[in-house]
**Q** 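Below is a structure I'd like to ask you about.
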Amino acid sequence: MFHLHRSETAMLRYLRRLADKDLALDRGMIPLGSCTMKLNATTEMAAVTWPDFADIHPFAPLDQAAGYLELIRDLERWLAAITGYAAVSLQPNAGSQGELAGLLAIRAYHRDHASEGRPARDVCLIPSSAHGTNAASAVMAGMRVVVVACDSDGNVDLEDLAAKASAYSDRLAALMVTYPSTHGVYEEGIGRACDLVHSCGGLVYVDGANLNALVGLAKPGAFGADVSHLNLHKTFCIPHGGGGPGVGPVAVVERLAPYLPNHPLQPEAGPSTGVGPISGAPWGSAGILMIPWAYIRLMGARGLRRATSVAVLNANYIAWRLSSYYPVLYTGRDGLVAHECILDLRPLTKLTGVTVDDVAKRLIDYGFHAPTMSFPVPGTLMVEPTESEDLTEIDRFCRAMISIRREADLVGAGTWPVHDNPLRNAPHTASMLVADEWAHPYARTVAAYPVASLRESKYWSPVRRIDGAYGDRNPVCTCPPVEMYADHDVVPAVDATADPDILAVSADARG
Ligand SMILES: *Cc1c(COP(=O)(O)O)cnc(C)c1O
């Protein structure tokens with residue numbers, strides 16, 4: 001690509017072509033639950049491009065980085081105030097790295113406080129609703145994972161928690177729980193769960209990725225948790241579609257502060273008693289800290305609280321508006337949700353044969369990125385609008401979901417067959433719709449313009465559906481032997497199915 005586009009004009013057009021294929025926040029809401037796809041304001045991001053911030057080496061002597069250090073200390077102080085914890089490390093590059101850092105702190109604490117001759121505390125209790133990274137981080141930190149059940153309302157089953165905490169009480173290291181839960185509910189038992197685990201000698205890790213439902217309203221450090229990670233690339237506005245750099249600070253209570261990450265080449269980056277570096281650079285992805293700094297500074301305490309309130313209001317509005325079309329799986333007291341809601345599509349699938357994939361792909365025809373699919377509950381969609389979406393956009397989303405429900409009902413009624421309808425064939429590309437042949441039992445206009453507003457502004461998907469599960473189940477290694485690179489401009493494709501050894505290697509690599 002760099003060799004093809006040799007003038008600014010060509011490069012500009014290339015970028016424009018890529019953007020045209022993209023379904024991003026500049027076109028419509030990305031209602032991915034748990035991901036918090038909120039506005040990444042230009043004002044917040046502008047400083048990332050300033051040479052004063054961009055052109056400095058992560059290991060530059062600190063007397064050349066005084067401004068950076070001020071920015072880092074401001075953020076550490078503000079995040080501690082927001083979460084109610086005593087100390088914060090900005091070193092982790094992702095939420096999952098923050099999890100690892102927090103669990104390593106817990107392990108180090110227990111090691112320092114173990115009584116003579118007692119086994120090390122290494123059991124980590126994790127509710128079945130947890131984000132996949134939680135269990136992975138616990139295993140990486142050398143812990144043994146014990147799963148705690150959820151009750152029928154989706155809350156952590158406190159009886160099961162009590163049973164397991166006492167069964168493992170002399171080995172209990174921690175409970176790792178998300179609040180509000182990945183079921184989108186403020187679990188009222190969270191305080192009791194913390195007390196219970198503390199009484200058995202364990203510490204409490206609260207996964208703070210859902211902080212967009214808490215900032216300004218409640219502090220994990222105040223309701224009983226000992227350590228949390230935050231996702232600055234969710235709640236604090238760093239853009240994160242496409243897997244760019246993130247920041248997953250870990251925040252701890254006083255007694256865990258000596259066990260935060262540090263760095264052998266930079267004494268200022270953490271306590272001398274710390275657990276060692278968790279990422280290569282002393283302050284991780286320092287080059288993007290201007291974004292959360294600007295966000296917090298611009299919002300102020302009252303603005304942050306208002307953002308949280310509007311995020312929760314928006315999620316409840318969607319839950320309320322859509323609940324007669326798609327049941328909301330879990331709610332808390334008074335039928336309310338937190339900052340996201342899970343729409344249960346399983347009854348619809350049973351009734352009509354239309355699957356959660358069909359709805360997710362059909363949303364693309366309506367100009368929406370799909371919500372989070374089949375997480376944490378298979379067959380459901382988790383919707384998180386955030387405070388950044390206004391009523392017009394939220395209503396546009398609700399109208400699309402309601403219209404999709406009507407389409408599904410036509411499938412259920414037999415008007416369209418289960419295997420050939422606007423939902424199963426979604427997304428529809430332009431080339432498919434203008435093809436000379438059209439053999440489907442619905443009109444092209446039904447496929448392309450199911451609601452009138454699409455005639456004015458329409459996103460055209462560049463590709464149709466691929467079978468993701470097929471790819472997962474049929475691994476193909478595309479790593480040719482080194483000799484094949486000799487005298488070839490383009491690496492030839494390898495037919496992996498011809499070589500059982502290649503497949504074996506590939507399967508191992510996956511394992
Ligand atoms: C996003 C998320 C994580 C992981 O954060 P990454 O930055 O993607 O590593 C962990 N827990 C929950 C609940 C999340 O939503």
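These numbers come from the heavy atoms of this one structure, side chains and all, not from hydrogens, waters or symmetry mates. Both ligands and their constituent atoms are indexed starting at 1 by order of listing.
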**Q** List the closest protein heavy-atom neighbour of atom 11 (N) of ligand 1: residue, atom name, distance to the nearest 0.1 Å.
**A** Asp207 OD2, 2.6 Å

**Q** Parallel, tilted or perpendicular: which fits the ring planes of Tyr109 and Tyr259, with parallel below 30° and perpendicular above 60°?
**A** perpendicular

**Q** Could you tell me how the ring of Tyr317 sits relative to the ring of Trp320: parallel (under 30°), tilted (30 to 60°) or perpendicular (over 60°)?
**A** tilted

**Q** So does Asp22 get a backbone contact from the side chain of Arg27, meaning a donor-acceptor N/O pair under 3.5 Å?
**A** yes

**Q** Any nitrogen or oxygen of Asn210 lying under 3.5 Å from a nitrogen or oxygen in ligand 1? Just yes or no.
**A** no

**Q** Could you check whether Tyr179 and Phe223 have their ring centres less than 6.0 Å apart?
**A** yes

**Q** Got a donor-acceptor contact below 3.5 angstrom from the Thr182 side chain to the Ser129 backbone?
**A** yes

**Q** Among Lys234, His240, His131, which one puts a heavy atom closest to atom 1 (C) of ligand 1?
**A** Lys234

**Q** At less than 4.0 angstrom from any non-hydrogen atom of Glu99, what atoms of ligand 1 do you find?
**A** 10 (C), 11 (N)

**Q** Just say parallel, tilted or perpendicular for the rings of Trp50 and Phe53, cut-offs at 30° and 60°.
**A** parallel

**Q** Heavy atoms only, cut-off 4.0 Å: how does Ala209 contact ligand 1, side chain, backbone, both, or neither?
**A** side chain

**Q** Should Thr182 be counted as touching ligand 1, given the test is an N or O pair under 3.5 Å?
**A** no

**Q** Taking both backbone and side-chain atoms of His229, is any N or O found less than 3.5 Å from an N or O belonging to ligand 1?
**A** no

**Q** Does the protein put a heavy atom under 4.0 Å from atom 5 (O) of ligand 1?
**A** yes

**Q** If the test is salt bridge (charged side-chain N to carboxylate O under 4.0 Å, His left out), which one of Glu384, Glu387, Glu44 qualifies with Lys38?
**A** Glu387

**Q** Just jot down the ligand 1 atoms closer than 4.0 angstrom to any heavy atom of Ala94, in number order.
**A** 7 (O), 9 (O)

**Q** Give yes if a backbone or side-chain nitrogen or oxygen of His233 is under 3.5 Å from a nitrogen or oxygen of ligand 1, and no if not.
**A** yes

